[in-house]
Undergrad: 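Could you have a look at this structure, given as structure tokens, before my questions?
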Amino acid sequence: MADSLPGAAADPGTPRIAPDARLLVTGGAGFIGSAYVRDVLGRRDGARITVLDKLTYAGNRANLAAVEADPELAARYRFVEGDIADPAIVGPLVAEADAVVNFAAESHVDRSILDPEAFLRTGVIGVHVLLEAVRAESGARRAGGRPPVRYLQVSTDEVYGAVLEGRSTETDALAPRSPYSAAKASGELLVHSYVVTHGVDAVVTRGSNTYGPFHHPEKLIPLFVTNAIDDLPLPLYGDGLQERDWLYVSDHAGAIDHVLRFGATGETYNVPGSAELTNRDVVTALLERLGKPWSLVRSVPDRPGHDRRYALDGSKLAALGWRNRTPFADGLASTVDWFVANEPWWRAAKSGDWDAYYERQYGARLAASTEA
Ligand code: NAD
Ligand code: DAU
């Protein structure tokens with residue numbers, strides 16, 4: 001399907017936080033969080049960011065190396081290693097922030113099928129700890145006549161479950177179908193309850209499938225690009241006709257920042273991508289960019305409960321004034337080229353526990369694989 005960029009930007013109104021606000025960015029060493037930190041600090045408008053990140057297998061300080069290497073950016077940046085589920089770490093950091101942007105999560109659906117516990121700890125308990133800190137600090141600030149702490153929860157289109165036809169709007173029922181998306185939906189419900197019960201100033205974004213540089217190689221596009229570079233098999237689940245709407249990472253980070261600054265309290269905003277494609281279409285495009293043959297692709301037994309399609313209606317975000325900038329063809333080309341140019345980064349991400357994970361996830365599947 002052709003690229004479909006959302007319509008013309010509307011006037012977003014008055015920003016809810018100042019350009020030079022102090023932001024606490026949780027999960028800021030991951031894929032999308034680090035893009036957000038690089039982009040917001042890179043605007044050089046005075047914003048200050050503290051990153052709180054547990055540095056799980058998916059967190060990587062190398063993702064923030066460009067910030068640490070630039071003196072002007074580094075002067076407005078601080079890194080704290082820690083868990084969002086730890087109130088002793090979270091409380092003081094929230095107390096010095098104007099806003100919290102929560103990216104922290106276990107983010108891979110396949111791992112949630114193998115080992116769901118960490119998904120619940122971070123996605124439910126961790127979100128609750130953040131909300132409690134925001135509630136307490138906001139109460140103290142309101143008592144002193146100051147504005148509350150703003151909170152943004154980064155969520156996902158997967159909370160709607162599989163959408164076989166049409167597009168999800170923000171008022172549709174939540175129907176998550178994997179432990180990952182159930183944890184994300186639970187986090188959102190907690191946020192909503194704190195808005196209603198405690199008057200917390202919170203907003204939620206539901207983003208589409210995101211791709212770009214620094215994407216962990218467990219996910220479809222980086223896994224297939226890096227395996228193809230090494231002429232390894234590409235394990236395509238089922239018939240490969242599942243559909244996703246692909247969103248370039250800097251567009252996703254920009255949309256999150258836009259909602260943080262202009263979103264109405266208590267509201268949720270879909271963040272659609274720019275291209276609805278089957279997995280076969282995506283794999284064809286990345287192989288073409290790499291100059292590698294389709295014969296690398298192997299059809300393997302499907303992901304249990306695999307959501308066939310996601311699709312988001314983006315009119316609410318467009319009415320708030322946000323518009324994606326990156327067509328899929330451009331975003332994919334620069335992503336593939338980034339992986340080709342950054343082998344040390346992804347080879348490091350494919351080390352440590354990687355081989356054990358890969359064997360557990362793909363060993364039997366590849367043994368049972370057929371021509372794709
Ligand atoms: P990622 O796995 O690359 O990064 C997650 C980051 O969170 C890592 O740096 C990790 O160390 C950190 N983290 C995990 N548990 C933590 C904890 N308890 N305390 C502190 N830090 C912790 O994930 P991503 O792809 O960048 O996704 C970021 C957010 O966006 C997630 O909330 C995810 O659900 C959401 N999202 C992702 C996509 C996508 O396609 N990648 C799309 C929509 C929404
Ligand atoms: O839609 C937003 C979600 O997108 C985010 O909330 C998640 O954090 C993010 O991981 C992503 O979830 P998906 O499950 O859609 O992404 P993944 O890259 O794992 O898979 C994309 C598609 O490719 C999906 O249909 C499964 C398929 N796939 C994936 C892998 C890893 C394969 O066919 N083979 C694979 O080896």
Side-chain angles (χ1 to χ4, degrees), residues 25-36 51-61 63-64 80-86 89-90 101-113 118-119 121-123 125-127 129-130 153-160 162 176 178 180-181 183-184 187 205-212 214-224 227 233-247 249 252-253 256 271 273 277-280 282-283 297-300 302-303 306-312 349 358 361-362 365-366 372:
V25 178
T26 51
F31 166 47
I32 308 172
S34 67
Y36 180 83
V51 168
L52 171 62
D53 197 295
K54 191 178 172 184
L55 295 180
T56 68
Y57 77 91
N60 186 348
R61 283 194 72 167
N63 298 359
L64 294 163
V80 177
E81 184 173 346
D83 189 337
I84 61 163
D86 183 345
I89 293 178
V90 165
V101 187
N102 180 32
F103 292 90
E106 293 290 332
S107 67
H108 192 32
V109 173
D110 290 326
R111 289 190 196 252
S112 84
I113 296 166
F119 289 75
R121 179 163 170 78
T122 297
I125 305 299
V127 170
V129 168
L130 289 173
Q153 173 70 11
V154 178
S155 192
T156 171
D157 61 359
E158 301 205 8
V159 296
Y160 295 114
S178 73
Y180 162 70
S181 53
K184 294 298 293 184
T205 57
R206 293 185 183 142
S208 190
N209 273 71
T210 306
Y211 70 102
F214 300 100
H215 202 183
H216 193 279
E218 67 193 354
K219 308 284 170 45
L220 175 77
I221 290 178
L223 178 69
F224 279 31
N227 275 13
L234 314 185
L236 187 67
Y237 294 156
D239 62 9
L241 294 176
Q242 304 83 5
E243 286 176 50
R244 299 289 186 268
D245 183 10
W246 292 95
L247 171 62
V249 66
H252 193 169
I256 287 167
V271 185
L277 298 166
T278 67
N279 292 340
R280 280 180 181 268
V282 170
V283 176
V297 183
R298 301 293 297 170
S299 180
V300 302
D302 210 347
R303 169 187 284 175
H306 196 167
D307 286 338
R308 192 76 179 162
R309 174 176 180 265
Y310 306 122
L312 291 175
Y358 200 81
Q361 177 62 23
Y362 296 106
R365 281 192 167 87
L366 283 169

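When a ligand or atom number is given, it counts from 1 through the structure's own listing order. Just so you know, these numbers use all the heavy atoms, side chains as well, and skip hydrogens, waters and symmetry mates.
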Undergrad: So is Ala118 close enough to ligand 1, meaning a heavy atom under 4.0 angstrom away?
TA: no

Undergrad: With a 4.0 Å cut-off on heavy atoms, is Thr26 in contact with ligand 1?
TA: no

Undergrad: Taking the minimum heavy-atom distance to atom 3 (C) of ligand 2, which of Lys184, Glu158, Arg111 ranks first?
TA: Glu158

Undergrad: Measuring from the heavy atoms of Glu218, does anything fall under 4.0 Å of ligand 2?
TA: yes

Undergrad: Quick one: does ligand 2 sit under 4.0 Å from the side chain of Asp307, the backbone, both or neither, non-hydrogen atoms only?
TA: neither

Undergrad: Which of the atoms in ligand 2, numbered in the order shown and given with their element, are less than 4.0 Å from a heavy-atom of Asn279?
TA: 22 (C), 23 (O), 24 (C), 25 (O), 27 (C)

Undergrad: Can you tell me which residue and heavy atom of the protein come closest to atom 18 (O) of ligand 2, and the distance to 0.1 Å?
TA: Leu220 N, 2.8 Å

Undergrad: Only heavy atoms of Phe103, strictly under 4.0 Å: list the atoms of ligand 1 that pass.
TA: 28 (C), 29 (C), 31 (C), 32 (O)

Undergrad: Going by heavy-atom distance to atom 5 (C) of ligand 2, choose the closest among Tyr180, Phe31, Tyr211.
TA: Tyr180

Undergrad: Does the ring centre of His216 sit less than 6.0 Å away from the ring centre of Phe31?
TA: no

Undergrad: Looking only at protein heavy atoms, which one is nearest to atom 5 (C) of ligand 1, and how far off is it?
TA: Ala105 O, 3.5 Å

Undergrad: With a cut-off of 4.0 Å, which atoms of ligand 2 are near a heavy atom of Leu223?
TA: 36 (O)

Undergrad: Within ligand 1, which atoms have a heavy atom of Val154 less than 4.0 Å away?
TA: 29 (C), 30 (O), 32 (O), 35 (C)

Undergrad: Compare Asp157, Val297, Thr210 and give the one whose heavy atom is closest to atom 1 (O) of ligand 2.
TA: Asp157

Undergrad: Could you tell me, atom by atom, which parts of ligand 1 come under 4.0 Å of a heavy atom of Asn209?
TA: 40 (O)

Undergrad: Could you tell me if Arg111 sits above the aromatic ring of Tyr57, with its cationic atom closer than 6.0 Å to the ring centre and no more than 45 degrees from the axis?
TA: yes

Undergrad: Considering only heavy atoms, which of Ala105, Gly238, Ser107 lies nearest to atom 10 (O) of ligand 2?
TA: Ser107

Undergrad: If you measure every N/O of Leu52 against every N/O of ligand 1, is any gap under 3.5 Å?
TA: no

Undergrad: Any atom of ligand 2 sitting under 4.0 Å from a heavy atom of His306?
TA: yes

Undergrad: Counting each atom of ligand 1 from 1 as listed, which ones have a heavy atom of Gly82 under 4.0 Å away?
TA: 19 (N), 20 (C)

Undergrad: Any idea which protein heavy atom is nearest atom 16 (O) of ligand 2, and the distance to it?
TA: Asn209 ND2, 3.6 Å

Undergrad: Would you call the rings of Tyr180 and Phe119 parallel, tilted or perpendicular, taking 30° and 60° as the class edges?
TA: perpendicular

Undergrad: Within the 4.0 Å heavy-atom shell around Lys184, which atoms of ligand 1 are there?
TA: 31 (C), 32 (O), 33 (C), 34 (O)

Undergrad: Mark the output for Tyr180 as yes if a heavy-atom distance to ligand 1 is under 4.0 Å, and as no if none is.
TA: yes

Undergrad: Which ligand 1 atoms does Ser155 reach within 4.0 Å, using its non-hydrogen atoms?
TA: 43 (C), 44 (C)

Undergrad: May I ask you to list the atoms of ligand 1 that are less than 4.0 angstrom from any heavy atom of Leu55?
TA: 11 (O)

Undergrad: Atom 30 (C) of ligand 2: which protein heavy atom is closest, and how many Å away?
TA: Tyr237 CE1, 3.6 Å

Undergrad: Please check if any side-chain donor atom of Lys219 sits under 3.5 Å from a side-chain acceptor atom of Ser107, or the reverse.
TA: yes

Undergrad: With atoms numbered from 1 as shown, which atoms in ligand 1 lie under 4.0 angstrom from a non-hydrogen atom of Ser208?
TA: 40 (O), 42 (C), 43 (C)

Undergrad: Can you figure out which of Arg365, Arg244, Arg303 has its heavy atom closest to atom 17 (P) of ligand 2?
TA: Arg303

Undergrad: For Gln242 and ligand 2, does the shortest N/O to N/O distance drop below 3.5 Å?
TA: no

Undergrad: Side chain, backbone, both or neither: which part of Lys219 comes within less than 4.0 Å of ligand 2 when only heavy atoms are counted?
TA: both

